[in-house]
Amino acid sequence: MKTKNIIILFATIIISILTCELILRKIGLTKFVIYYPSNFYGYYHEPNQNLQSRFNKNIYLDKLGNRNPKENNIENSNLFFLGDSVTYGGSIVSNQETFASLIADKKQKKYLNISANGWGIPNIINFIDFHNLYKENSTYILTCINDCFTRNIRKIEQSFLFKKKSKFALINLFKFALHKFNNINYSLAKSSTGVNKEFTRKDNIKTINYSVNRLKQFDDKLKSLNSNLIFVYSPNSDYIKKTFTNNPIFEDDPYRNIILKLITNSEIKFINIIEYFSEKELNNFGRFYIDKVHLSKEGHNLYVKILSNIIDE
């Protein structure tokens, strides 16, 4: 009788594990982009990946890991989209649904989409320096949120980015849970004392200044090649709410005004894209976001409409 109970228990555990594995596979915990670390630019996507995300969206990466058609390269492209996860588009949109791809199609141009989840300004510029992705008579469009300026050279260890994927979804879930636990501990440690808060503020201010200086140097180099840099400030949903309601309950980022002032003083061509939203778009902005900062498919289409006109100007 005891042996039978042990067998039943063992069978139950095996069936439970297999059921969990199948469910996790179904929701996509084996479908994600792989990254590699770099001492020079932090990290990037492994080259030549082609997969379907858990949202059934097509993601394909070229020989450098850029999210654009594999036939596009520095020689045949003169339209460059740079940025973090906003430009990258995540797994919520296919390659051909990103605003980078849609604008290039509209203008019938080849393009490169040089962007990655979690990147900061130094990551972006160092990647371009490393691979010498400078081109004469070209347009570079850098779209970023506030965090781009406080990230400095962000390393792969600072973000939940897979350096390799397991065949087992349960192992990937465990890695994700461990990452979340570490993030919670890090956040608690950072906010535990007033001294840490002050150190964090000073650190962020210095990083913002450094990032803007790097951006200015990048702009100067592009101008020497007769190329243009357009910096696009992408707002989060709280900023939009605060803008059209003027309601103090919506949190305002303490670094936003500092960043915008420094960018303006640097004489970099600067677009605060919220200023191009119509009244109707402001009042229905929720449909353009999937969370506080990332664009939905409709959001990418809105950016196409706005940025296409700005590029023409």
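Note that this is a predicted model, so its numbers are computed, not measured.
Side-chain contact check for I141 versus L82: every heavy-atom pair is 4.5 Å or farther apart. Inter-residue side-chain proximity for F99 and N301 is flagged as unmet; no heavy-atom pair is nearer than 4.5 Å. A heavy-atom distance below 4.5 Å is not found between the side chains of N78 and T139. Side-chain contact between F270 and V232: absent, with no pair of heavy atoms (C-beta onward) separated by less than 4.5 Å. For the pair I230 and L142, the minimum side-chain heavy-atom distance is 4.5 Å or more. The side-chain heavy atoms of L112 and F81, taken from C-beta on, include no pair separated by under 4.5 Å. Two residues are said to be in side-chain contact when any heavy atoms from C-beta on lie closer than 4.5 Å; Q217 and R214 meet this criterion. Looking only at side-chain heavy atoms (C-beta outward), L51 and N58 stay at 4.5 Å or farther from each other.
In this structure, N39 places its CG atom where only 12 or fewer heavy-atom neighbours from other residues, nucleotides or ligands lie under 6.0 Å away. Other residues, nucleotides and ligands place more than 12 heavy atoms under 6.0 Å from the NZ atom of K110. With a 6.0 Å radius and a threshold of 12 heavy atoms from other residues, nucleotides or ligands, K109 has its NZ atom at or below the threshold. Applying the 6.0 Å contact sphere to NZ of K206 captures no more than 12 heavy atoms from other residues, nucleotides or ligands. Counting heavy-atom neighbours within 6.0 Å of E267 CD, excluding the residue itself, gives a total of 12 or less.
Between S85 and N117, the shortest heavy-atom distance links the atoms CB-OD1, 3.0 Å. Scanning both residues, I103 and L307, for their nearest heavy atoms gives CD1-CB, 3.7 Å. In terms of heavy atoms, E97 sits closest to K57 at OE1-NZ, 3.3 Å. Shortest non-hydrogen contact noted between P47 and K63 is CB-O, 3.1 Å. Pairing each heavy atom of E46 with each of Y36, the nearest pair is OE2-CB, 3.5 Å. For L61 against K70, the heavy-atom pair with the smallest separation is O-CE, 3.2 Å.
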From CA spacing to verdict: side-chain contact (heavy atoms from CB on, under 4.5 Å), F218, D129: CA-CA 9 Å; F218 180 58; D129 284 347; 5.6 Å; no
Test log, rule side chain to side chain donor-acceptor pair (under 3.5 Å), inputs N66 and N113: CA-CA 6 Å; N66 298 328; N113 183 341; over 6 Å; no
Evaluation steps, side chain to side chain donor-acceptor pair (under 3.5 Å), between S227 and Y134: CA-CA 9 Å; S227 291; Y134 291 96; over 6 Å; no
CA sep, side-chain torsions, deciding dist, call: I121, F149, side-chain contact (heavy atoms from CB on, under 4.5 Å): CA-CA 6 Å; I121 296 293; F149 290 87; 4.1 Å; yes
Stepwise side-chain contact (heavy atoms from CB on, under 4.5 Å) check, D312 with K107: CA-CA 10 Å; D312 289 339; K107 298 190 175 300; 2.6 Å; yes
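In this structure, Y43 and Y35 have perpendicular ring planes: the angle between them is above 60°, well past the 30° mark. Ring-plane geometry between Y289 and F285 is classed as perpendicular, the angle between the planes exceeding 60 degrees on a 0 to 90 degree scale with a lower cut at 30. Using cut-offs of 30° and 60° on the angle between ring planes, the pair F80 and Y140 is parallel. Taking the six-membered ring for Trp and thresholds of 30 and 60 degrees, Y41 and Y44 have ring planes more than 60 degrees apart, a perpendicular arrangement.
Side chain of D62 to main chain of P69: no donor-acceptor pair is present (N/O by atom type, distance under 3.5 Å, no hydrogens or angles). A donor-acceptor contact shorter than 3.5 Å links the side chain of K135 to the backbone of I74. Looking at N209, its side chain does come within 3.5 Å of a backbone N or O of I205 through a donor-acceptor pair. Under the 3.5 Å distance criterion, the side-chain polar atoms of S38 are matched with a main-chain donor or acceptor of F40. In this structure a side-chain-to-backbone donor-acceptor pair under 3.5 Å is present from S296 to R287.
Put simply, CD1 on I268 and CG on N228 are 13.0 Å apart, with the number rounded to the nearest 0.5 Å. Atom CD1 of I306 and atom CD1 of I311 lie 12.0 Å apart (nearest 0.5 Å). To the nearest 0.5 angstrom, L282 atom CG is 13.5 Å from K241 atom NZ.
Remark: E281 engages K305 in a salt bridge, criterion side-chain N to carboxylate O under 4.0 Å. Ionic pairing of K269 and D219 is not present here: no N-O contact between side-chain nitrogen and carboxylate oxygen is shorter than 4.0 angstrom. Ion pair D84/R151 flagged as a salt bridge, since at least one NZ, NE, NH1 or NH2 atom sits closer than 4.0 Å to an Asp/Glu carboxylate oxygen.
Of the candidates C144, P122, C148, S211 forms a side chain to side chain contact (heavy atoms under 4.5 Å, CB included) with just one, namely P122.
Side-chain contact annotation: Y210 with N152, donor-acceptor N/O pair under 3.5 Å absent. Residues Y233 and N146 bring a donor and an acceptor atom of their side chains to less than 3.5 Å of each other. A donor and an acceptor atom, one from each side chain of Y88 and T98, are nowhere located under 3.5 Å apart. A donor-acceptor pair shorter than 3.5 Å can be found between the side chains of N95 and R67. Using a 3.5 Å distance cut-off with no hydrogens or angles, the side chains of N68 and Y60 do not pair a donor with an acceptor.
Ring-centre distance between Y255 and Y239: not below the 6.0 Å cut-off.
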